[in-house]
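All of these numbers come straight from a predicted model, not from anything done at the bench. Just so it is clear, the values below take in all heavy atoms, side chains as well, and ignore hydrogens, waters and symmetry mates.
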Amino acid sequence: MSERIFLLEHVSKLYGGDQEQAAELLQQGANKAEVFQKTGCTAALWDVSLEVRKGQIFVIIGLSGSGKSTLLRCLNRLLEPTGGAIYYRGENILDYDGAALREYRRHKLAMVFQSFALMSHRNVLSNVAYPLEIQGVPKEEREERARKYLQMVGLKNLETVSCDSLSGGMRQRVGIARALCSDAEILLMDEPFSALDPLVRSDMQFELLRIQRKLGKTVVFITHDMDEAFKLGDRVAIMRDGRVVQNATPVAMSKNPQDEYVKKFIESADKTKVLTAEDIMIHPGSLIRCCDTPEYALKEMRLQEVSSVYVVDNCLHLLGVLSLTDALAAHAEKRSISESMVKELPRVKLATPVVEIIPLAAETPYPIAVVDEDGMLQGLVTKASVLSSMT
């Protein structure tokens, strides 16, 4: 397991009213609305505990007012928690003095905003290099690094262009390049793609995944879109009324929602983008080897009540599939299994998303073989298992 970057313990943020009474009510299980009605205090966060691991995309999702953006702003102390502790690599950032906090913000964190937050009086290169400018990095060095990240986000040769002339997607690319240019190990992203149209948004999600996997950055990402959360998140926390309702991997959350609220919340998500071949495959009931006889293959099909069997070598590497029709023909014509089997057949890896398997399942007459990196057969995906994953 990778090392822990953030550890949050019982973090709360209360605004106004009688906060002492509000805390007592919240401890007794009162909800946000009840607390506000009785005390005039708004519980933006209450008793939030979670951890973020190095190199992880940790997604926080919730409806408006759930506390997700408040929580993000507590991570860089733009908001001061009312209670609890926030540890960065074992140090409680709530204990930082002014100098330590500035160092933390300048060198450990970078923020990407929904509104792009670019400076219109600066060109693209100057915007991207700005974090290094405030760190005191010499102009030549900071511009060289800025060009590197502009190329990484697909904006090479646009250094001198005014940001006002860019499209929304291109502006957000500038924002990401600027965050990367600071060389911070953590990216805090507050609904960065929500203002973009669907096609551009999908492109930006892919770009973020590509860059994050390449650089190994730790990302805390805020969204209200469950599909986006499941697409990007290594781990997802659902918030409601200032509390974390469930914190799990996308697959675990899809399979075992904590309660009815989570279940309803994720109903709109496309589970075929979350589940993989490994999640829906079945183990083959029968396998044959190419040295076996057609008669043996026919016997196996009869015993297992199937119309095809998969052919493997002695190390379980997939060689092909033999259908009932081909087995009967091989028996009648005294041909070997190797001569009769279909060798060109669809194969998918364990991590292949179900959404990519659907068109294969629609076209192939056989269950789809699931293989590992060495070509060893791991399981089969049937049309029925694909359909069940979509409901």
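- In plain terms, the two heavy atoms of Ile86 and Pro81 that are nearest each other are CD1-CG, 4.0 Å.
- Looking at Thr82, Leu25, Leu14 one by one, the single match for side-chain contact (heavy atoms from CB on, under 4.5 Å) with Cys41 turns out to be Leu14.
- Sorted by first and then second residue, the pairs that involve residues 371-381 and meet salt bridge (Lys or Arg N to Asp or Glu O under 4.0 Å), not counting sequence neighbours, are Lys349-Glu373.
- Judged by distance alone, the side chain of Thr352 and the main-chain N or O of Val348 form no donor-acceptor pair under 3.5 Å.
- Contact annotation: the side chain of Gln151 never approaches that of Asn157 to less than 4.5 Å [non-hydrogen atoms, C-beta and beyond].
- Residues that satisfy the ring pair (Phe, Tyr, Trp, His ring centres under 6.0 Å) test with Tyr88, not counting sequence neighbours, are Tyr104.
- Within a 6.0 Å sphere centred on CD of Glu333, other residues, nucleotides and ligands contribute more than 12 heavy atoms.
- Within the structure, the salt bridge (Lys or Arg N to Asp or Glu O under 4.0 Å) test picks out the following pairs touching residues 201-218 (sequence neighbours left out): Arg173-Glu207, Asp183-Lys217, Arg201-Asp225, Arg201-Glu228, Glu207-Arg210, Arg213-Asp234.
- Linking ILVMFWY side-chain heavy atoms closer than 4.5 Å, directly or via other members, places Val355 and Ile357 in two distinct hydrophobic clusters.
- Not one N or O on the side chain of Thr364 forms a donor-acceptor pair closer than 3.5 Å with the backbone of Ala361.
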Inset, instruction - Determine, stepwise, if the pair Val321 / Met341 fulfils side-chain contact (heavy atoms from CB on, under 4.5 Å). - result: CA-CA 5 Å; Val321 63; Met341 68 183 179; over 6 Å; no
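- When hydrophobic clusters are built by joining Ile, Leu, Val, Met, Phe, Trp and Tyr residues whose side-chain heavy atoms come closer than 4.5 Å, directly or via intermediates, Leu187 is not grouped with Phe206.
- With hydrogens and angles ignored, the 3.5 Å screen pairs no side-chain donor or acceptor of Ser385 with any backbone N or O of Val381.
- With rounding to the nearest 0.5 Å, the separation of CG in Asn76 from CE in Met111 is 5.5 Å.
- For the pair Glu260 and Lys264, the salt-bridge criterion is not met [side-chain N within less than 4.0 Å of a carboxylate O].
- Screening residues 1-13 for salt bridge (Lys or Arg N to Asp or Glu O under 4.0 Å) gives Glu3-Arg89, Arg4-Glu51 as the qualifying pairs, with residues at least two apart or on separate chains.
- In the hydrophobic cluster analysis, where Ile, Leu, Val, Met, Phe, Trp and Tyr join through side-chain heavy atoms closer than 4.5 angstrom, Leu132 is grouped apart from Val153.
- In this structure, the side-chain contact (heavy atoms from CB on, under 4.5 Å) partners of Val161, at least two apart in sequence or on a different chain, are Val124, Leu158, Ser165, Leu166.
- The closest donor-acceptor contact from the side chain of Lys68 to the backbone of Ile60 lies at 3.5 Å or more, if one exists at all.
- With sequence neighbours left out, Phe193 forms a ring pair (Phe, Tyr, Trp, His ring centres under 6.0 Å) with Phe221.
- Between the Glu34 side chain and the Asn31 main chain, a donor and an acceptor come within less than 3.5 Å of each other.
- Surrounding CZ of Phe36 are at most 12 heavy atoms belonging to other residues, nucleotides or ligands under 6.0 Å away.
- Here the CD-CG distance, from Gln258 to Asn247, works out to 10.0 Å after rounding to the nearest 0.5 Å.
- Across every non-hydrogen atom of Glu191 and Thr223, the tightest pair is CG-CA, 4.0 Å.
- Interatomic distance, CG of Leu188 versus CG of Leu109, reported as 5.0 Å (0.5 Å rounding).
- Gln135 places a side-chain N or O within donor-acceptor distance of the main-chain N or O of Arg106, the cut-off being under 3.5 Å.
- Remark: the backbone N or O of Glu300 is not paired with any side-chain donor or acceptor of Ser286 at under 3.5 angstrom.
- Shown here are the side-chain hydrogen bond (donor to acceptor under 3.5 Å, both in side chains) partners of Arg73, two or more places apart in sequence or in another chain: Asp190.
- Partners of Thr325 according to the side-chain hydrogen bond (donor to acceptor under 3.5 Å, both in side chains) rule, which considers only residues two or more places apart in sequence or in another chain, do not exist here.
- For Lys383, the NZ atom is densely surrounded, since the number of other residues' heavy atoms within 6.0 Å is greater than 12.
- A donor-acceptor contact closer than 3.5 angstrom links the side chains of Ser323 and Asp326.
- Distance check, rounded to the nearest 0.5 Å: CD of Gln172 to OG of Ser194 gives 8.5 Å.
- Contacts of Tyr261 classified as ring pair (Phe, Tyr, Trp, His ring centres under 6.0 Å), with partners at least two apart in sequence or in another chain: Phe265.
- At a threshold of 4.5 Å between side-chain heavy atoms, the hydrophobic network of Ile, Leu, Val, Met, Phe, Trp and Tyr places Trp46 and Val244 in two separate groups.
- Here the CG atom belonging to Leu322 is positioned 8.5 Å from the OH atom belonging to Tyr366, to the nearest 0.5 angstrom.
- The two atoms that bring Val371 and Arg347 nearest to each other are CG2-CB, 4.3 Å, heavy atoms only.
- Shortest non-hydrogen contact noted between Met226 and Val236 is CE-CG1, 4.4 Å.
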Inset, instruction - Test side-chain hydrogen bond (donor to acceptor under 3.5 Å, both in side chains) on Tyr96 and Glu103 and set out the steps. - result: CA-CA 10 Å; Tyr96 285 170; Glu103 175 72 12; over 6 Å; no
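- In this structure, Arg171 and Cys163 approach most closely via the heavy-atom pair NE-O, 3.2 Å.
- For Gln304, the CD atom counts as densely surrounded, since its 6.0 Å shell holds more than 12 non-hydrogen atoms of other residues, nucleotides or ligands.
- With salt bridges taken as basic N to acidic carboxylate O contacts below 4.0 Å, one links Arg122 and Glu133.
- Donor-acceptor pairing under 3.5 Å is lacking for the side chains of Arg53 and Ser2.
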Inset, instruction - Determine, stepwise, if the pair Asn123 / Ser126 fulfils side-chain hydrogen bond (donor to acceptor under 3.5 Å, both in side chains). - result: CA-CA 5 Å; Asn123 62 23; Ser126 181; 4.6 Å; no
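- The main-chain N or O of Met119 is found under 3.5 Å from a side-chain atom of Asn127 such that the two form a donor-acceptor pair.
- Remark: side-chain polar atoms of Ser162 are paired, donor with acceptor, to backbone N or O of Asp164 under 3.5 angstrom.
- Taking each heavy atom of Leu319 and Asp313 in turn, the nearest pair found is CD1-N, 3.7 Å.
- In this structure, CD on Glu144 lies 11.5 Å from CG on Leu125, to the nearest 0.5 angstrom.
- Under the 4.5 Å side-chain heavy-atom criterion for ILVMFWY residues, a single connected hydrophobic cluster contains both Leu328 and Met301.
- Ser336 meets the side-chain hydrogen bond (donor to acceptor under 3.5 Å, both in side chains) test with Glu339; sequence neighbours excluded.
- A side-chain donor-acceptor contact under 3.5 Å links Ser12 to the backbone of Asp47.
- Residues that satisfy the side-chain hydrogen bond (donor to acceptor under 3.5 Å, both in side chains) test with Glu80, not counting sequence neighbours, are Arg77.
- Residues satisfying the side-chain contact (heavy atoms from CB on, under 4.5 Å) criterion with Pro367, sequence neighbours excluded, are Ser308, Tyr310, Leu380, Thr382.
- Between Leu287 and Leu316 there is a side-chain heavy-atom pair separated by less than 4.5 Å.
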